[in-house]
Amino acid sequence: MSSGGVQLPEAKSTGAAGRWGRIHLGIVAAGALLLALMANYDALWFDEAYSVGMAAHSFEEIWTIGAADVHPVLYYWMLHCVYLVFGQNIVVYRLVSVAGAVALAMLGYTHVRKDFGPTVGMLFSALVFLVPWSMHVALQIRMYAWLMVAVMVAAIYGWRLTAQLLRNGRGNSAPLPLSWWALLALASAVAAYLHYYGAIAAFCIQLMVLVAVARQPQDRKRNLARWLLFAAAAVVSYAPWLLVAASQAATVSGGFWIAFNYPGAFAELALFPFNAPEVTGFPSAMPFSSEINRLFAVLALLIVLIELGYLYGIGRATGSASDAAGGARKRELVLVGPLFFLAIYAGTALVAAVASLLLDQPVIYYRYMAVALGPIILVMAWAFEKVKGRLLRVAGILMTVLLASLTAGCLLVCACSPENPQGLVAYGALCQELQAENGGNETLVFSDDLAASIISASGEGLPIVYIDPQEAYRALEPGMIMDFSWHQLLDGYGGKALFVGAPETAAAFAERFGGEVVSSESFFHPYSDNWFIYSVIAF
C-alpha cells in the first residue's frame, strides 16, 4: 500500500521504475525550462502593475494597503522578499510564478504517482504545463500559481485522510499520521492567506474530511479531536486577518467591479481551464483571433465531454453493483475517487455563489476558480489514464497539446509584440521634451485612468499624479502620486502638462482650467489590450 492507501501498480523491475521516474523528472524539467523561456518579457497589465507596485512597499505597508484591497497579503509579502534581493525586476517577479507552477508539477512526482500510480502522476505533471489556464497563471505576476500549490497540497492530504478513514471502516486499522493533519492545516492556512477563494477551497476540503471522520465509528473521538485541534490551529493562525476580511466584505458589498453575465458566466466557469477569455479574447491585435477563440471553445467542450463520459462510466459501473462489496466500492469512489477532487471545485463555486447572494454583489469569477485547478488537472490525468478506448485517450491528450500550443502562441504574440515598448519609450521621451520646454522644471503628468499604472510600473519617465484614489491604490506609489484634488493640481499651473487618458477628458480639463490641448498621440499596447494616449496641454 502507498502512503495514500492506494495499491500501486507493480513495476516490472526496479530498473523500470527508476527509468519511469527519470522520464517523469525530465517532463518537469522540460516544462520548467519552457515556462522560464516564455517568462522573459517585461510587458504588464493592470493587476500585474499593482503587484509590482505593492512589492516595493514594506511588510507593514503591504498589510495596511492590503487591508483596503480585496485580496490577502501573503503573495505580496513573498514578492517583497524577492524585491529585497533582486530589486524591481519584472522578469524575476514572473519567475516566482513559474516556480509555483513547477512546484505544482513536482507534486505529481512526489505525491500523485505514489497515490494513483506512475502514469497518473506523470500525466498530472505534464498537464500542469499544458492546460491553458495553468500556463497562463504560471506567467502572471499574481498569486494564482502558488495558490494552486497550497490548495493541491491541502487536497492531497485531505484525500489521504478521507481514504484511510474509509478503509479503516472496512476492517483496516492503519493509523492516521499526525503529519497528514498538520500539513492539511498548514496548507489550508497558506491558501487562505493567498486568496479568499483559497479559504473557501480549504473549507470544502476540511468539511469533507470532517464528514469522513463522523461516518467512521472506529477511533471517532480521537480523530474528531485531531480534526478540531488542527482546524482550530489553522483558524487561529488566520485570526489576525479576520477583522480585515470582515471590513473587506463590507467594501465588496458596497460595490465591486466583477460583472456576472448570465448565462455566459456559467460556460466560463465550466470551460475556463481550456478556454479562458483572457487567453483567447484579449489578444485583439492577433490575426484570426475570433477563429482561434471558436477553436478553443470547441476543443474545450470536447475535452470536458470526455471527462464527463468517464465519470458517467464510473457511475454506471458502481450503480449496477448490488452486493455489499459493490456498495462499499461505490462509497469509496464517492469519497476518495475523482468526485472528491471535483467536489473541491464544485464546493468552491457553490460557496462563492452563496457569498454573492449574501453580499448582494457577484464575487464568483472564473479567474478565481484557478484555486481548484490542481484537483481538476488530477481528474483529467486520472480520466486520460482510465478512459476506455485508446482513441478517446489519445484524442483528449492531443487536443490538450493543441490548446497548449495555441495558448503559448496567443500569449507570446501579445507579450512579446514590438508594439508593447513603443508607448512606454514615447512616454519617457515626451517627459524629457516637455521638461526641456518648461525650462528644466519638472513637468506635471496627471491622469484619471488607473491603466496609467502600467506606465508608472515600467519605470519610464516621470511619476503620474492620480486624483482621488482609493486607499488600496496606494500600492501604486511612488510611481503614481496621490492626495491631490484637481484644483490643487491645476489652479494657477503655468506651462505645459501631460495628460494620460482619453482625449475628450484632456479637452475637458483644458477648457475647465484655461488651457489648450496642443497635441495627442496614441499607442496600442497589445499585452494589456489597451491604448496609451498622451495629450499635451498648454496652460
Side-chain angles (χ1 to χ4, degrees), residues 4 6 100 103-104 107-108 111-112 115-116 120 124 127-128 131 133-134 137 143-166 180-181 183-213 227 230-231 234 266 268-274 304 307-308 310-311 314 331-355 363-383:
V6 172
L104 182 64
L107 289 176
H111 290 74
V112 176
D115 291 352
F116 306 111
V120 175
F124 175 87
L127 288 169
V128 167
V131 169
W133 189 249
S134 178
V137 298
M143 67 284 295
Y144 298 105
W146 283 103
L147 173 65
M148 288 160 53
V149 175
V151 171
M152 190 61 192
V153 171
I156 286 171
Y157 284 98
W159 181 87
R160 286 184 175 184
L161 288 165
T162 301
Q164 194 59 57
L165 283 164
L166 180 64
W180 291 5
W181 296 101
L183 286 167
L184 171 60
L186 177 62
S188 297
V190 170
Y193 267 113
L194 284 168
H195 200 284
Y196 288 127
Y197 268 52
I200 295 172
F203 168 79
C204 294
I205 295 166
Q206 293 277 5
L207 182 61
M208 287 191 285
V209 174
L210 177 60
V211 169
V213 168
W227 181 88
F230 285 98
F266 293 112
E268 287 179 356
L269 290 174
L271 301 179
F272 87 92
F274 317 101
V304 170
E307 304 292 318
L308 292 176
Y310 165 64
L311 294 175
I314 288 180
R331 290 193 298 274
E332 182 175 350
L333 283 166
V334 170
L335 287 171
V336 301
L339 297 184
F340 177 94
F341 292 91
L342 285 179
I344 299 170
Y345 170 81
T348 302
L350 178 61
V351 173
V354 171
V363 295
I364 183 168
Y365 190 44
Y366 71 87
R367 162 181 282 275
Y368 298 162
M369 291 308 300
V371 67
L373 198 51
I376 291 173
I377 290 173
L378 175 56
V379 173
M380 282 184 65
W382 205 334

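All values reported here derive from a predicted model rather than from experimental measurement.
Taking the six-membered ring for Trp and thresholds of 30 and 60 degrees, Phe272 and Tyr345 have nearly parallel ring planes, at less than 30 degrees apart.
Residues Val151 and Leu373 have side chains not in contact (no heavy-atom distance under 4.5 Å, counting atoms from C-beta outward). Annotation: side chain of Trp133 is not in contact with side chain of Met369 (no heavy-atom distance under 4.5 Å). When side chains are defined from C-beta on, Leu161 counts as touching Leu184, because their heavy atoms get closer than 4.5 Å.
In terms of heavy-atom proximity, Cys204 sits nearest to Val351 at SG-CG2, 4.4 Å. Taking all atoms of both residues into account, the shortest heavy-atom contact from Ala187 to Ala154 is CB-N, 3.6 Å. Heavy-atom minimum distance, Ala201 versus Ile344: CB-CG2, 4.2 Å. In terms of heavy-atom proximity, Val149 sits nearest to Ala103 at CG2-CB, 4.1 Å. Heavy-atom minimum distance, Leu147 versus Gly198: CD1-CA, 3.7 Å. Between Ile205 and Gly158, the shortest heavy-atom distance links the atoms CG2-CA, 4.0 Å.
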### Task
Test Met152 against Phe124 for side chain to side chain contact (heavy atoms under 4.5 Å, CB included), laying out the working first.
CA-CA 12 Å; Met152 190 61 192; Phe124 175 87; 3.9 Å; yes
### Task
Show the numbers, then the answer: is there a side chain to side chain contact (heavy atoms under 4.5 Å, CB included) between Trp159 and His111?
CA-CA 11 Å; Trp159 181 87; His111 290 74; over 6 Å; no
### Message
Working note: Val209 + Trp181, criterion side chain to side chain contact (heavy atoms under 4.5 Å, CB included); need CA distance, chi angles, decisive distance, verdict.
### Response
CA-CA 10 Å; Val209 174; Trp181 296 101; 4.0 Å; yes
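Remark: side-chain polar atoms of Trp227 are paired, donor with acceptor, to backbone N or O of Gln206 under 3.5 angstrom. Of the possible polar contacts, one joining the Ser134 side chain to the Val128 backbone as a donor-acceptor pair under 3.5 Å is found.
Ile156 CD1 to Trp180 CH2: the interatomic distance, rounded to the nearest 0.5 Å, is 12.0 Å. Note that CE of Met208 is 13.0 Å distant from CG of Leu165, once rounded to the nearest 0.5 Å.
Qualifying ring-ring contact (aromatic ring centres under 6.0 Å, His included) partners for Tyr197, counting only residues two or more places apart in sequence or in other chains: His195, Tyr368.
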